[in-house]
There are 2 protein chains.
Amino acid sequence: MALGKNYEGQDCSLARALELVGERWTLLVVRDALYGVRRYGDFLAHLGIPRAVLSQRLQTLVDAGVLERVRYSQSPPRDEYVLTAMGRELWGPVYLLAQWGERNLSKAGPRRVFHHVTCGARIDPHGLCPSCGGRPPLEETEVRPGPGADPFRDDPVSVALRRPHRMLGPLPG
Amino acid sequence: MALGKNYEGQDCSLARALELVGERWTLLVVRDALYGVRRYGDFLAHLGIPRAVLSQRLQTLVDAGVLERVRYSQSPPRDEYVLTAMGRELWGPVYLLAQWGERNLSKAGPRRVFHHVTCGARIDPHGLCPSCGGRPPLEETEVRPGPGADPFRDDPVSVALRRPHRMLGPLPG
DNA sequence: CTCCAAGGTTCATTCAATGAACTGATGGAG
DNA sequence: CTCCATCAGTTCATTGAATGAACCTTGGAG
């Protein structure tokens, strides 16, 4: 982003957050990781991001401690990118921003809805479970397709992400 | 951002939100507007943003309905940019993102802290008032300098923003 | 030995950001 | 009336990042 020069003058922690996750594509990568996407090729297919940009973003996020690169196959050597605790904490801001977009910029209904699996209730716009009143952790949150889901994307990652599944969990199917 | 082409394929309201407020500088402009900054010259001085970029961002935000351009002086003709309801709703995501940056990227203490004026209590990291348990509206929220506030920025806007004042209110001093 | 796939890197082109200079309207001081 | 300053931009040359296509590398599979 080359904002270091400018952001050093900024008197706000938002600026430091944006330095890291405010770059083009970065929050979409994090969102996909929250949904359970872990592999280079899956990010690539689902986001339609240029390869060079994806490589650079993954590296930046690993360096910053948002993602961790984990070997999941010795031979052939293959790594996947999984969210750290720091990365999982981005769920709050990401969820609120998506809800804001939903309310203000979307004509169709929500593309995805989120449920608290232990209660079965749909999570509200502030991120609270209307049934238990708590803030469901990601491990107890399930993504399901909403009424505005786009049924025309038929690449394997999009199809897998349309099946109800736990957040962070490996892609179903 | 020229992301229209790419974002049309995106199956998520987050993408639409980022199309609008995910551009470089945009969320910092919104943050300043939430703090009470309203004038072109004040944004310019406080953010250190290039003039051409500020003009473009303000125009985009006005077109999208996040800001409204309001005439506050007939002669000389002067306009200010104030947040609409849609813009004020960005407080949630902006606050959570700043808190995330605070926890994960900041060594000093918080630069600003937020209090619910009707209770006097400091708002917690989720945006709730620990005293009344509610989610204080912006009109009842006061910004105060925190322990990590940078005392070296002495331009008039930074000085004004360091004085405790209501969110959205005109700059004190 | 050849072929293929996953996960990258390289490279030319396009597009946006930057910072400095310029414009244009208005009003105040002398 | 003239000169100067201020505010709110616009213009422009330069730099830097994003894009998309092509290429490379490693390690199976047949």
Side-chain angles (χ1 to χ4, degrees), chain A residues 1-10 15 18-20 22-29 32-33 37-63 67 69-82 155-157 171, chain B residues 1-10 15 18-29 32 37-63 67 69-82 155-157 171:
Chain A
M1 209 174 204
L3 275 175
K5 179 156 42 84
N6 305 284
Y7 276 41
E8 274 154 31
Q10 290 301 319
L18 290 175
E19 246 182 295
L20 176 56
E23 285 183 300
R24 203 165 148 75
W25 294 107
T26 302
L27 273 185
L28 294 178
V29 170
D32 271 17
V37 177
R38 295 178 181 182
R39 308 232 276 253
Y40 185 91
D42 289 344
F43 285 110
L44 202 63
H46 189 237
L47 292 172
I49 182 177
R51 304 178 86 93
V53 177
L54 178 59
S55 298
Q56 195 264 311
R57 293 296 186 276
L58 290 172
Q59 191 58 58
T60 301
L61 290 172
V62 168
D63 291 348
L67 292 177
R69 190 171 177 162
V70 179
R71 172 83 23 128
Y72 71 93
S73 156
Q74 291 301 332
S75 143
R78 293 277 184 271
D79 297 333
E80 58 187 8
Y81 297 89
V82 298
D155 61 283
V157 183
L171 296 189
Chain B
M1 208 175 203
L3 275 176
K5 181 157 40 84
N6 305 284
Y7 276 39
E8 274 154 31
Q10 292 299 318
L18 290 174
E19 247 182 293
L20 175 56
V21 299
E23 285 182 299
R24 205 165 146 76
W25 293 109
T26 301
L27 274 185
L28 295 177
V29 170
D32 271 15
V37 177
R38 296 178 181 183
R39 308 231 277 253
Y40 186 92
D42 288 344
F43 286 110
L44 202 64
H46 189 237
L47 292 172
I49 182 177
R51 304 178 86 93
V53 178
L54 178 59
S55 299
Q56 195 265 311
R57 294 296 187 275
L58 290 172
Q59 191 58 58
T60 300
L61 290 171
V62 168
D63 291 347
L67 293 176
R69 191 171 176 161
V70 179
R71 173 80 28 122
Y72 72 93
S73 157
Q74 292 302 332
S75 137
R78 294 276 184 267
D79 298 332
E80 58 187 8
Y81 298 89
V82 297
D155 59 285
V157 183
L171 297 187

Exercise for the section: Return the minimal non-hydrogen interatomic distance between A:Trp25 and A:Gly48, and the atom names on each side. Expected result: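 Here A:Trp25 and A:Gly48 meet closest at CH2-O, 4.1 Å.
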Practice task
Grab the two heavy atoms, one from B:Val157 and one from B:Ala45, that are nearest each other, plus how far apart they are.
Solution key: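 Smallest heavy-atom distance, with atoms named: CG2-CB, 4.3 Å.
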Exercise for the section: With heavy atoms under 4.0 Å as the rule, sort B:Phe43 into base, sugar-phosphate or nothing. Expected result: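 Contact class for B:Phe43: none.
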Please report the distance, rounded to the nearest Å, between [atom1] in [X] and [atom2] in [N].
| X | N | atom1 | atom2 | answer |
| --- | --- | --- | --- | --- |
| B:Leu44 | D:dG9 | CG | C1' | 10 Å |
| B:Arg69 | D:dC7 | CZ | C1' | 12 Å |
| A:Glu19 | D:dA17 | CD | P | 13 Å |
| A:Tyr72 | C:dA6 | OH | P | 9 Å |
| B:Leu58 | D:dG9 | CG | P | 7 Å |
| B:Asp42 | D:dG9 | CG | P | 13 Å |
| A:Leu47 | D:dA18 | CG | P | 15 Å |
| B:Arg39 | D:dG9 | CZ | C1' | 15 Å |

Exercise for the section: Quick one: list whatever passes side chain to side chain contact (heavy atoms under 4.5 Å, CB included) with B:Asp79, sequence neighbours left out. Expected result: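 Result, side chain to side chain contact (heavy atoms under 4.5 Å, CB included) vs B:Asp79: B:Arg69, B:Arg71.
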Any N/O pairs under 3.5 Å between the protein and nucleotides 10-15 of chain D? List them or say none.
none

Problem - Separation between CG of A:Leu20 and CZ of A:Arg57, rounded to the nearest 0.5 Å - result: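 Between atom CG of A:Leu20 and atom CZ of A:Arg57 there are 10.5 Å.
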Handout entry: Straight-line distance of A:Leu44 CG to A:Asp32 CG, nearest 0.5 Å
Key =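 If I round to the nearest 0.5 Å, the distance is 11.5 Å.
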Handout entry: Derivation and outcome, side chain to side chain contact (heavy atoms under 4.5 Å, CB included), residues A:Leu67 and A:Val82
Key = CA-CA 5 Å; A:Leu67 292 177; A:Val82 298; over 6 Å; no
Where do N or O atoms of nucleotides 28-30 of chain D meet protein N or O atoms at under 3.5 Å, pair by pair?
unit_1 : atom_1 : unit_2  : atom_2 : d
D:dG28 : OP1    : A:Ser75 : O      : 3.2
D:dG28 : OP1    : A:Ser75 : OG     : 2.3
D:dG28 : OP1    : A:Pro76 : N      : 3.4
D:dG28 : OP2    : A:Ser75 : OG     : 2.5

Practice task
Select one nucleotide: of C:dA17, C:dG7, D:dA8, the one nearest the side-chain heavy atoms of A:Arg78.
Solution key: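 Looking only at side-chain atoms, A:Arg78 lies closest to C:dG7.
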Handout entry: Closest nucleotide among C:dG7, C:dG8, D:dA8 to the A:Tyr81 side chain
Key =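 Nearest listed nucleotide: C:dG8.
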Exercise for the section: State whether the side chain of B:Arg38 and the backbone N or O of B:Leu171 hold a donor-acceptor pair below 3.5 Å, judged by distance alone. Expected result: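 Not a single qualifying donor-acceptor pair exists.
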Exercise for the section: Determine, step by step, whether A:Arg39 and A:Tyr72 satisfy the side chain to side chain donor-acceptor pair (under 3.5 Å) criterion, reporting the C-alpha distance in whole Å, the side-chain angles of both residues, the deciding distance to 0.1 Å, and the verdict. Expected result: CA-CA 10 Å; A:Arg39 308 232 276 253; A:Tyr72 71 93; 3.2 Å; yes
Problem - Test side chain to side chain donor-acceptor pair (under 3.5 Å) applied to B:Gln56 and B:Thr60, step by step - result: CA-CA 6 Å; B:Gln56 195 265 311; B:Thr60 300; 2.8 Å; yes
Practice task
Return the 5'-most residue of the pair A:Ile49, B:Gly41 with respect to DNA chain D, ranking by each residue's nearest nucleotide.
Solution key: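 By nearest-heavy-atom nucleotide position, the 5'-most residue is B:Gly41.
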